[in-house]
Amino acid sequence: MVALTVKRATLATVTALVTVNVWTGCPLLALWVGSHAGGGHELSMGAVVVVLFVLGLLESAMVLVLAWLTNVYDEMIGLQRAEPQATWIRRLCAPESAGLNRRLGISSLEGIVVINVYVAVITLIVWYLLFASHPAPLVCAIDC
C-alpha cells in the first residue's frame with residue numbers, strides 16, 4: 001500500500017514537472033537553441049525556423065511523455081482501456097457510452113495538467129495586464 005502511494009506521488013510529481021516544462025522549459029530551450037543557431041546579434045529567418053522546429057520537437061516529446069505517464073497511471077490503478085473504435089463502426093442501437101470504460105471525472109494526473117493550464121493562463125493574463133510594457137488599451141484607459 002505504501003509502495004503504491006509512493007509510486008502515485010512520484011507520477012504526480014513527474015507529471016507536474018513535465019506540464020510546467022510544456023509552457024516554460026520547452027519555449028526557453030527552443031529560444032536558447034535558436035539564439036545560438038542565429039550566430040549574430042540580429043534576428044534572422046534561419047534562427048526563427050530553428051526555434052519553431054525545436055519547439056515543435058520538444059512540445060511533441062512532452063505530449064508523448066504525458067500520454068505515457070497517463071497510461072502508466074491507468075495501469076497502476078487498474079483502469080482498463082478499450083480499443084479505440086470509430087463511431088461509424090459502432091452499432092446504431094448501441095448506447096452512447098458503449099465501448100467507453102473511463103469513469104466519469106478526471107484522474108489525478110489529468111487534474112494536475114488542468115491546474116497547470118489554469119495557472120499558465122492566469123499568469124499570462126496578470127503579466128499582460130499589469131507588467132507588460134505596452135498594456136492593453138482598456139487598462140491604459142482605466143489608469144490614465
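Only this structure's heavy atoms are used, side chains among them; waters, hydrogens and symmetry mates stay out. The structure displayed is predicted, hence computed values, not measured ones.
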Gly34 versus Ala47, closest heavy-atom pair with distance
O-CB, 3.5 Å
Linked, directly or transitively: Trp68 and Met76 (ILVMFWY side chains, under 4.5 Å):
yes
Between atom CG of Leu109 and atom CZ of Arg8, what is the distance when rounded to the nearest 0.5 Å?
8.5 Å
To check you understand the geometry: which heavy-atom pair defines the closest contact between Val18 and Met62, and what is its length?
CG1-SD, 3.7 Å
For Trp32, enumerate each residue passing the ring pair (Phe, Tyr, Trp, His ring centres under 6.0 Å) test, keeping only those at least two apart in sequence or located in another chain.
His36
Interatomic spacing from CG in Leu43 to OG in Ser35 - rounded to 0.5 Å:
11.5 Å
Side-chain heavy atoms under 4.5 angstrom apart, residues restricted to Ile, Leu, Val, Met, Phe, Trp, Tyr: same cluster for Leu64 and Leu66?
no
To the nearest 0.5 Å, atom CG of Leu31 lies from atom CG of Leu55 at 8.0 Å
Give me the atom names and distance for the closest heavy-atom approach of Thr123 to Val119.
OG1-O, 2.6 Å
Do Val50 and Phe53 come within less than 4.5 Å of each other through their side chains, counting heavy atoms only?
no
Return yes if a side-chain donor-acceptor contact under 3.5 Å exists between Tyr73 and Thr15, otherwise no.
no
CG of Leu57 to SG of Cys26: how many Å apart, nearest 0.5 Å?
10.5 Å
Just so I know, are the side chains of Val14 and Leu69 near enough to count as touching, which here means a heavy-atom distance under 4.5 Å?
yes
Partner set under side chain to side chain donor-acceptor pair (under 3.5 Å) for Asn21, not counting sequence neighbours
none
Find out whether Met45 and Val48 are in side-chain contact, i.e. whether some heavy atom of one side chain is under 4.5 Å from a heavy atom of the other.
yes
Does Val121 belong to the same Ile/Leu/Val/Met/Phe/Trp/Tyr cluster as Leu129, with side-chain heavy atoms less than 4.5 Å apart forming each link?
yes
Do the side chains of Trp23 and Val117 get nearer than 4.5 Å, heavy atoms only?
no
Which heavy-atom pair separates Glu59 from Val22 by the least distance, and what is that distance?
OE2-O, 2.6 Å
Hydrophobic cluster identity match, Ile112 and Val72, side-chain contacts under 4.5 Å
yes
Identify the heavy atoms of Ser60 and Gly56 that sit nearest to each other, and give their distance.
OG-O, 2.8 Å
In the single-linkage hydrophobic clustering (I, L, V, M, F, W, Y; side-chain heavy atoms under 4.5 Å), do Leu130 and Trp127 co-cluster?
yes
Which of these, Ile125, Val126, Leu124, sits in a side chain to side chain contact (heavy atoms under 4.5 Å, CB included) with Ile122?
Val126
